[in-house]
Amino acid sequence: MKVLVTGGAGYIGSVGVRELVHEGYEVVVFDNLSQGHRAAVHPEAVFVEGDLRDREFVDRTLAEHSPDAIMHFASKSLVGESMEKPFLYLDENVRCGINLMRSAVEHDVGRFILSSTANLFGEPDSIPIDEEESITPGSPYGESKNILERTLRWLDDLDALRFAALRYFNAAGAASEDLGEDHDPETHLLPIVLEVAAGKRDKIEIYGDDYDTRDGTCVRDYIHVQDLAQAHILSLEALGDGSRVYNLGNGDGYSVREVIDTARRVTGVEIPAEVGPRRPGDPPKLVASSEKIRSELGWEPQYSELDEIIASAWAWHQKHPNGYDELEE
Ligand code: UFG
């Protein structure tokens, strides 16, 4: 089976590609390298440098490579940025996804896996959050994924394709010392905390400590990228039995302060922290129930402890203090 992977040069997509290759799939990576890295593209994958905004190019690529399935990782994915640039998300993120879906339908690609998000649940009624929870996106980013999920539901209703929407909670960790998290600019909590530990920044700013949580800082459910990649393979294999939607997390919530404390323990470095204002769009608490994918597909996270997740990210940081830069020179 051949799988076209958009965003296959990115942080999560590159790990998905590696798993697919290990499992014997043929892989075509489609990426514009705006956020991804050429060095993160698996050597056994075919690489197509292209932009999802260019519908004709997307069409030609699907015609040329005839994939059996698509994994759509490529996306703008920053909650805070989406509050400042709503159209980058509500227009561009949506348009890229729809361009791809339209080509998928026109070229009879019957299987589609969407990287969706916990930001669909800005104000959850109950924690942990299962798939029955009502959708109240926390930001234009969450709304853009909601629109794409709803489009896929229609395509399923119309028998145009089968899909899985995988709502990631907070992806973290490194799948090996060669594939890691390297964004420019970096905005995510854990990599910034590790940059402080490595001496590349002076301190970590905590975005608000007046939330209604156990220590006043936001609580998130951190899930290792390798476990996310496994969920993609299992979902792809299950699509023959119908479309599906899963929430993907470990089921444990950690506050921002707890993440910093754990990183101090793992790295042995002090990591200065300072409280600043809230960041608009941040829901106070997001913790997943992943019972559905566990019981339906037998998914079992291998990295369930935050210490292990942070240790894997720290190993990548130490091996690549300048991220992928040195690999691409
Ligand atoms: N945070 C800080 N200081 C920082 C960076 C982050 O206090 O310098 C806080 C944030 O306010 C938030 C938590 O740390 O409470 C995690 O923030 P991240 O930016 O690492 O991640 P988000 O929870 O904002 O978003 C991530 C992905 C989204 C996804 C979401 C799902 O970037 O794509 O997880 O929960 F939708």
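Just so you know, ligand 1 is whichever comes first in the structure, and atom 1 is the first atom listed for that ligand. Values reported hereafter were calculated over all heavy atoms of this structure, with side chains retained and with hydrogens, waters and symmetry mates removed. Note that the structure is a prediction, hence the values are computed from the model and not measured.
- Below 4.0 Å from some heavy atom of Arg220 lie the following atoms of ligand 1, by number and element: 15 (O), 23 (O).
- In this structure, the side chains of Leu78 and His183 stay at 4.5 Å or more apart for every pair of heavy atoms.
- Protein heavy atom nearest atom 3 (N) of ligand 1, with residue, atom name and distance: Glu205 O, 2.7 Å.
- Of the candidates Thr117, Val256, Val193, Val256 brings a heavy atom nearest to atom 13 (C) of ligand 1.
- Nearest protein heavy-atom neighbour of atom 32 (O) of ligand 1: His188 NE2, 2.9 Å.
- Between the side chains of Lys76 and Ser144, not a single donor N or O lies within less than 3.5 Å of an accepting N or O.
- Ligand 1 places these atoms under 4.0 Å from at least one heavy atom of Ala118: 31 (C), 35 (O).
- The aromatic rings of Tyr89 and Tyr141 stand perpendicular to each other, their planes meeting at an angle above 60°, with 30° marking the opposite boundary.
- Listed by atom number, the atoms of ligand 1 under 4.0 Å from Thr187 heavy atoms are 5 (C), 19 (O).
- The distance between the ring centers of His232 and Tyr246 does not fall below 6.0 angstrom.
- Those atoms of ligand 1 with a heavy atom of Ile192 less than 4.0 angstrom away are 8 (O).
- Cluster annotation: Val29 and Ile113 are assigned to the same hydrophobic cluster (Ile/Leu/Val/Met/Phe/Trp/Tyr, side-chain heavy-atom contacts under 4.5 Å, transitive).
- The CZ atom of Phe57 sits 11.5 Å away from the OG atom of Ser103 when rounded to the nearest 0.5 Å.
- Among Leu190, Leu189, Ile204, Asp221, the residue whose heavy atom lies closest to atom 6 (C) of ligand 1 is Leu189.
- Against a heavy-atom cut-off of under 4.0 Å, Leu286 is close to the following atoms of ligand 1: 35 (O).
- At a threshold of 4.0 Å, the pair Asp130-Lys292 does not count as salt-bridged, since none of the basic side-chain nitrogens sits closer than that to a carboxylate oxygen.
- Close contacts between ligand 1 and Cys218 involve ligand atoms 15 (O) [criterion: under 4.0 Å to a heavy atom].
- Ring planes of His37 and Tyr324: parallel class, angle under 30° (limits at 30 and 60°).
- Between Arg264 and Asp261, at least one side-chain N (NZ, or NE/NH1/NH2) sits under 4.0 Å from a carboxylate O, which counts as a salt bridge.
- When only non-hydrogen protein atoms are considered, atom 21 (O) of ligand 1 lies nearest to Asn170 ND2, 3.3 Å.
- Heavy-atom proximity to Ile206, at under 4.0 Å, picks out these atoms of ligand 1: 7 (O).
- Close contacts of ligand 1 with Asp282, meaning ligand atoms under 4.0 Å from a residue heavy atom, involve 10 (C), 11 (O), 24 (O).
- Salt-bridge annotation for Asp241 and Arg162: absent, with no side-chain N of the basic residue lying under 4.0 Å from a carboxylate O of the acidic one.
- Neither the backbone nor the side chain of Thr217 has a heavy atom within less than 4.0 Å of ligand 1.
- The closest heavy-atom contact to atom 16 (C) of ligand 1, among the options Tyr207, Phe169, Tyr222, comes from Tyr222.
- Checked against the 6.0 Å centroid criterion, the rings of Phe30 and His65 do not qualify as a close aromatic pair.
- For atom 28 (C) of ligand 1, the nearest protein heavy atom (residue, atom name, distance) is Ser77 O, 3.5 Å.
- Closest protein heavy atom to atom 24 (O) of ligand 1: Arg279 NH2, 2.7 Å.
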